[in-house]
Protein chains: 2
Amino acid sequence: MTSIEDVAKSLGVSTATVSRALRGLPGVSPSTRSRVEQEAQNLGYVPSSAAAGLASGRTMALGVLLPQIERWYFSAVLEGVDRRLRAAGYDLVLFSLGGSGVNRGRVFHRSILRKRIDGLLVLCLELTDSERSSLLELESPTIVVGGAVEGVRHVGIDDSAAARDAVEHLIGLGHTRIGHLRGGGSFGIDFQVPRIRETAYRRTMADHGLEIRPEWEVFGDFRFKEGLAGALQMLADPGNRPTAVFCSSDEMAFGVLRAAVELGIDVPGELSVIGIDDHEFSDPMGLTTIRQSPNEQGDFAAGILLDELQGHPAADVIPVQPHELIVRASTGPVPR
Amino acid sequence: MTSIEDVAKSLGVSTATVSRALRGLPGVSPSTRSRVEQEAQNLGYVPSSAAAGLASGRTMALGVLLPQIERWYFSAVLEGVDRRLRAAGYDLVLFSLGGSGVNRGRVFHRSILRKRIDGLLVLCLELTDSERSSLLELESPTIVVGGAVEGVRHVGIDDSAAARDAVEHLIGLGHTRIGHLRGGGSFGIDFQVPRIRETAYRRTMADHGLEIRPEWEVFGDFRFKEGLAGALQMLADPGNRPTAVFCSSDEMAFGVLRAAVELGIDVPGELSVIGIDDHEFSDPMGLTTIRQSPNEQGDFAAGILLDELQGHPAADVIPVQPHELIVRASTGPVPR
DNA sequence: CTGAAAGCGCTAACAG
DNA sequence: CTGTTAGCGCTTTCAG
């Protein structure tokens, strides 16, 4: 492998000059710089990140820690983070818990601390106390996306407002019998977000003087399959079912839509359905939803970390990420 | 940060001994080893991967290069790779093209070659000649998952057989008017796989003496939205539409299912639908499909690379990954 | 079984 | 504007 010394020798300059020239640092004459660039190109020189990292203390890589990759929100945030990092010349080291607790200790107490990364993004993780403290002890900048962790900065939407907007959309259409499909529960995934949304649902219902029936509040784990099962249960009795369902995620809302097909319930004629997310499938499914943009959230969070690493002052207040009601074909006026 | 020297000094041994003890190398007395382990723990010592990488030439990290993260197949393979790597103590460095060509050159000609990784997995990428050759020149082991690249080892299913099995399932149910929703087309994503599946569809139809109508072969880009659009077009004319559709991916099949709902076509009474993948939503959607397991594929491919890095001889022949017909509710006998 | 010492390839003062 | 000189923190011969 050709090293910085090969380039330096072949040009009769010092390695320091090569290093400066290639990194765009000031204090190199234009002509030297271009000769160096040229020669580096010719020799196919690529700097070793290990050597650079050792010498400089910066690895030019950030880590992303998440509960699972195969899940719309997570992979979308990841995509946004990657986009931003790539543009800044940083690499992305991935730490997935893979939907289970296996190797979890290793990830926390070894991999992350291995000095391979200059900063860390954590996604929607429910942390144990010991994990939380080892996170707080990390000397490199850290940020959390999607579900707050006490003591760490957080990028995400206002979950309470998002849920309220969803429920009020239904109420605005005249619905009074409104069910709720709750998220949360999978191993290791943050449980605050589903709780916040549920609380907002209840409060909004109460604020409008509407009744909450326990049998209309069902668990769906944020997922299609569980959402379908929950919906089949909630909608089973034609004489006593809600006219609208608020789902804490779009995937669960797909489950409700599917349940409606299976049960022969017309949407939105007999049943209105609204979700949260604006999942990739929501547009073609005609699902009304509260849009959030995980792509942007990832990009934004990565940007904050990058700014800090580049010496810019840390923003002490992180703006809440936007959400937006997207009305499609799955919601309509209450049936008379 | 506490270094190996801190541990060595505090114990009155050499750094070499600490290094050997902690890495489980032979030639350390049991008692020394446990004292070292103990002290490392006490001091919270974590080795620097940069220093270790510089000294040893091994980074203990593999790279994954893929067109996009936010897509079921890719994120599922990624999850499998991550699982295997994590178990082996390797880190995973992610390179996503993010669905576009931006930064593509940089990824190929810099990031990947930056000596940050000991090996590389490439997913379903359509490569330019120059990219292909820079891949072949990589001194570290490389493997391709999901779509073959000439000259590089490949892990994946037999796409031709998978498509044939799907079509023959429909034929076995008595269908003769069988449409096809084709994949492929997105920027940078492999285009061999969709072509192989299409060819197999045509050949199977021909082998059974069945007619292929151009208007029944529609493009869907492997995706829900495009699949829906294609299906609406294919199924528009009630007097002249297929009784079954073979989709090159489950996501497109969801589009057909959705189109059927919109058009009031009964599935499977009037229309049978089969896909390829066994997407996470296929079970709750009741979609008949040809299952493949991207998780396993990623795990398997990572395993091959790891074996090689650990000095085991490279398998010269990589077994084809299995696929399997999963019959659910979306296919049934041809309407009479 | 253990230690000494020479780097790995780069960066970062410090001189000039 | 450019070169010299120390390391960064580990691994790895080579001795003992």
Side-chain angles (χ1 to χ4, degrees), chain A residues 1-37 39-40 43-61 89 110 113-118 139-140 309 311, chain B residues 1-37 39-40 43-61 89 91 110 113-118 139 309 311:
Chain A
M1 279 281 66
T2 122
S3 75
I4 197 173
E5 203 173 331
D6 300 327
V7 181
K9 274 188 180 149
S10 128
L11 242 37
V13 300
S14 72
T15 61
T17 298
V18 175
S19 174
R20 284 190 283 248
L22 258 22
R23 285 183 299 151
L25 295 186
V28 182
S29 77
S31 82
T32 310
R33 193 186 299 273
S34 68
R35 281 171 57 225
V36 169
E37 283 165 348
E39 190 63 10
L43 298 179
Y45 167 67
V46 180
S48 148
S49 56
L54 226 206
S56 70
R58 278 165 280 108
T59 65
M60 297 298 281
R110 290 193 58 79
L113 308 166
R114 241 157 137 208
K115 296 152 193 165
R116 175 159 278 166
I117 57 176
D118 294 335
E139 75 284 18
S140 37
L309 292 172
Chain B
M1 278 281 68
T2 121
S3 75
I4 197 172
E5 201 172 333
D6 299 328
V7 181
K9 273 188 181 147
S10 130
L11 242 37
V13 300
S14 72
T15 61
T17 297
V18 174
S19 173
R20 284 191 282 248
L22 258 23
R23 286 182 301 151
L25 295 185
V28 181
S29 77
S31 81
T32 310
R33 193 186 300 274
S34 68
R35 281 172 58 226
V36 170
E37 284 165 348
E39 190 63 10
L43 299 178
Y45 166 66
V46 180
S48 149
S49 56
L54 226 205
S56 69
R58 277 166 281 107
T59 65
M60 296 300 281
D91 281 332
R110 290 192 58 79
L113 308 166
R114 239 154 138 211
K115 296 152 192 164
R116 177 159 277 168
I117 56 177
D118 293 335
E139 74 285 16
L309 292 172

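Chain identifiers are assigned alphabetically (A, B, ...) following the order of the sequence lines, protein sequences preceding nucleic acid strands; residue numbering begins at 1 within each chain.
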Where do [X] and [Y] come nearest, in terms of heavy atoms and distance?
X: B/Ala61; Y: B/Arg116; result: CB-O, 3.8 Å
X: B/Ser3; Y: B/Asp6; result: N-OD2, 2.7 Å
X: B/Ala51; Y: B/Ser48; result: N-OG, 3.0 Å

Under a 4.0 Å threshold between the charged nitrogen and the carboxylate oxygen, would A/Glu5 count as salt-bridged to A/Lys9?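 Yes, charged N to carboxylate O under 4.0 Å.
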Heavy-atom side-chain proximity of A/Leu11 to A/Arg35 below 4.5 angstrom: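 SC-SC contact between A/Leu11 and A/Arg35 confirmed.
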Side-chain heavy atoms of B/Leu22 within contact of B/Pro47, under 4.5 Å: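 With C-beta onward as the side chain, the pair stays apart.
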Any donor-acceptor pair under 3.5 Å linking the side chain of [X] with the backbone of [Y]?
X: A/Ser19; Y: A/Thr15; answer: no
X: A/Thr59; Y: A/Gly53; answer: no
X: B/Arg33; Y: B/Leu25; answer: yes

Once rounded to the nearest 0.5 Å, what's the spacing between atom CD1 of A/Ile4 and atom CG of A/Leu43?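 Nearest 0.5 Å value for the CD1-CG distance: 12.0 Å.
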Using the heavy-atom set of chain B and a strict 4.0 Å cut-off, write down the first and last nucleotide of DNA chain C that makes it in, 5' to 3'.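 The contacted stretch runs from C/dC1 to C/dG9.
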Output one line per pair: protein atom, nucleotide atom from nucleotides 9-13 of chain D, and distance, for all N/O pairs under 3.5 Å.
unit_1	atom_1	unit_2	atom_2	d
D/dG9	N2	B/Ala51	O	3.4
D/dC10	OP1	B/Tyr45	OH	2.7
D/dC10	OP1	B/Ser48	N	3.4
D/dC10	OP2	B/Ile4	N	2.3
D/dT11	OP2	B/Ser19	OG	2.4
D/dT12	OP1	B/Arg58	NH2	2.8
D/dT12	OP2	B/Arg23	NH1	3.2

To 10°, what angle do the rotation axes through the five end pairs on each side of the helix from C/dC1-D/dG16 to C/dG16-D/dC1 form?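 If I round to tens, the end axes sit 30° apart.
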